[in-house]
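The structure presented is a predicted model; accordingly, all values stated were derived computationally and were not measured. We count ligands from 1, going down the list as the structure has it; atoms in each ligand are counted the same way. Here, residue 1 is the first one in the sequence, and each next residue gets the next number.
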Amino acid sequence: MRFDIITIFPKMFAPVLNESMVKRAQEKKKVKIYVHDLRDHTKDKHRKVDDRPFGGGPGMVMTVQPMVDAIKKVKGRRKVRVLLLSPTGKPLTQQKVKKLAKCKNLILVCGHYEGIDERVVSESIDESISIGDYVLTGGEIPAMVLVDCITRLVPGVLGTAKSLDEESFEQGMSEYPHYTRPADFRGKKVPNVLLSGNHFAIKKWRKEQALNRTKKYRPDLLKKNKE
Ligand code: 4FV
């Protein structure tokens, strides 16, 4: 899997992408990540990448030329899926992450200011994705979210694929509660069934817990499963 990230804040990424799972995935050559500075692609002599919005209104809009040319240059002749991170995009779900993890090449475009000129979207963007119904300052953090949740599904990155089957959203439900030592923490005990060694009873308890939790905190997931 190869990621190319187009941003006006390239320095934001190294601290996050060179730690933990994503760092190991790069060391194991399971993923390659390249970060590109959008300003390197502007023809503006002052390296400008934004301008005032036509029709007036607050803030600035990212201009067409740097974005379209940057995407064209980074794409080269490769078969790449170009994603824009934007609050107007399709909500990111684990199902969507699993689909994206099957791609060989992804370009992640990070917006800023009020957004990007719509002609970039029609000209060069395959899909817009939102990480949630709230407004961030830029698409950089959403791009990091995508790199993390996709990289951990790349075969050979996480130790046991098994652990992926039981995690949240896999069965369209929240995950069951987890416990580890000590069995008694200042009088707060671990549920006995987990100490019983009876794997059938444990599996049954975990399913019940996952369902109760989903009913309580994410009833929307249960509705979605019925659809
Ligand atoms: C966002 C989101 C997001 C909006 C204006 C960048 C900012 C600025 N991206 N999911 N929520 N982006 O808030 O993906 O352009």
Side-chain angles (χ1 to χ4, degrees), residues 1-17 21-22 31 33-42 44 46-72 74-75 80-103 105-153 168-169 217-218 220-221 224:
M1 161 72 76
R2 172 174 165 166
F3 295 94
D4 287 275
I5 300 167
I6 298 175
T7 170
I8 57 174
F9 291 108
K11 293 197 195 72
M12 283 178 70
F13 289 85
V16 173
L17 300 183
M21 178 271 297
V22 177
V31 295
I33 305 172
Y34 300 92
V35 181
H36 308 269
D37 186 340
L38 179 66
R39 293 186 193 283
D40 295 343
H41 299 268
T42 180
D44 179 90
H46 307 295
R47 289 168 65 79
K48 259 173 76 59
V49 294
D50 63 321
D51 203 336
R52 291 191 316 293
F54 275 127
M60 300 293 273
V61 174
M62 300 185 90
T63 51
V64 185
Q65 178 273 318
M67 276 282 186
V68 166
D69 290 351
I71 292 167
K72 194 178 289 165
V74 170
K75 216 178 187 175
V80 186
R81 193 158 180 69
V82 183
L83 306 178
L84 170 65
L85 287 305
S86 165
T88 60
K90 265 203 234 95
L92 183 64
T93 63
Q94 191 64 12
Q95 271 48 44
K96 168 60 72 181
V97 172
K98 287 161 80 172
K99 284 204 192 84
L100 292 172
K102 295 191 174 63
C103 299
N105 298 292
L106 289 174
I107 292 179
L108 308 182
V109 177
C110 305
H112 248 275
Y113 314 114
E114 299 313 305
I116 70 175
D117 188 295
E118 194 58 25
R119 290 167 289 183
V120 176
V121 179
S122 46
E123 172 74 21
S124 312
I125 300 294
D126 295 317
E127 186 174 5
S128 293
I129 291 184
S130 170
I131 65 164
D133 298 342
Y134 39 81
V135 179
L136 299 156
T137 314
E140 282 71 20
I141 293 169
M144 296 172 192
V145 167
L146 265 188
V147 168
D148 185 294
C149 60
I150 292 172
T151 297
R152 63 191 296 281
L153 296 188
S168 288
F169 313 115
Y217 301 115
R218 296 297 309 277
D220 58 298
L221 287 178
K224 209 188 287 180

Note to self: Considering both backbone and side-chain atoms of His112, is one of its nitrogen or oxygen atoms within less than 3.5 Å of a nitrogen or oxygen in ligand 1?
What the structure shows: yes

Note to self: Can a donor-acceptor pair be found, under 3.5 Å and without considering hydrogens, that links the side chain of Thr42 to the backbone of Pro66?
What the structure shows: no

Check: Looking only at heavy atoms of Thr137, does any of them come nearer than 4.0 Å to an atom of ligand 1?
Finding: yes

Item checked: Enumerated ligand 1 atoms positioned under 4.0 Å from heavy atoms of Tyr113 -> 5 (C), 8 (C), 15 (O)

Notebook entry, point to check: Where on Pro142 is there a heavy atom closer than 4.0 Å to ligand 1, on the side chain, on the backbone, on both, or on neither?
Noted result: side chain

Notebook entry, point to check: Is there any N or O on Leu136 that sits under 3.5 Å from an N or O of ligand 1?
Noted result: yes

Next item on the list: Show which atoms of ligand 1 fall inside a sub-4.0 Å distance from at least one heavy-atom site of Tyr134.
Entry: 11 (N), 13 (O)

Checklist line | Electrostatic pair Arg39:Asp37 at N-O distance under 4.0 angstrom | finding: no

Margin query: Quick check against the 3.5 Å criterion: does Ser86 have a side-chain atom that pairs as donor or acceptor with the backbone of Thr88?
Written below: yes

Next item on the list: Work out which heavy atom in Tyr113 is nearest to a heavy atom in Met60; give both atom names and the distance.
Entry: CB-O, 3.1 Å

Notebook entry, point to check: His41 side chain to Met67 main-chain N or O, any donor-acceptor pair under 3.5 Å?
Noted result: no

Item checked: Subset of ligand 1 atoms that lie under 4.0 Å from at least one heavy atom of Ile131 -> 10 (N), 14 (O)

Note to self: I'd like to know if Lys99 pairs up with Glu127 as an ion pair, taking the criterion as any Lys NZ or Arg NE/NH1/NH2 lying under 4.0 Å from an Asp or Glu carboxylate oxygen.
What the structure shows: no

Check: How far apart are the C-alpha atoms of Lys96 and Ile129, what are their side-chain angles, what is the distance that settles it, and do they pass the side-chain contact (heavy atoms from CB on, under 4.5 Å) test?
Finding: CA-CA 10 Å; Lys96 168 60 72 181; Ile129 291 184; 4.3 Å; yes

Note to self: Main chain of Lys90, side chain of Ser130: is a donor-acceptor contact present, judged purely on distance under 3.5 Å?
What the structure shows: no

Note to self: Please compare Gly111, Ser86, Gly59 and report which has the shortest non-hydrogen distance to atom 9 (N) of ligand 1.
What the structure shows: Ser86

Notebook entry, point to check: Considering only heavy atoms, does Ile129 approach ligand 1 within less than 4.0 Å through its side chain, its backbone, both, or neither?
Noted result: backbone

Next item on the list: If you have a sec, work out which protein heavy atom is nearest atom 12 (N) of ligand 1 and how many Å separate them, to one decimal?
Entry: Pro87 CD, 3.5 Å

Item checked: Proximal atoms of ligand 1 relative to Val135 (non-hydrogen, under 4.0 Å) -> 13 (O)

Notebook entry, point to check: Any idea which heavy atoms bring Val82 and Asp126 closest together, and the distance?
Noted result: N-OD2, 2.7 Å

Next item on the list: Using a 4.0 Å heavy-atom threshold (strictly under), name the region of Asp133 that reaches ligand 1: side chain, backbone, both or neither.
Entry: neither

Note to self: With heavy-atom distances below 4.0 Å as the criterion, list the atoms of ligand 1 near Gly132.
What the structure shows: 11 (N)

Item checked: Interfacing atoms of ligand 1 (cut-off 4.0 Å, heavy-atom, Gly138) -> 6 (C)

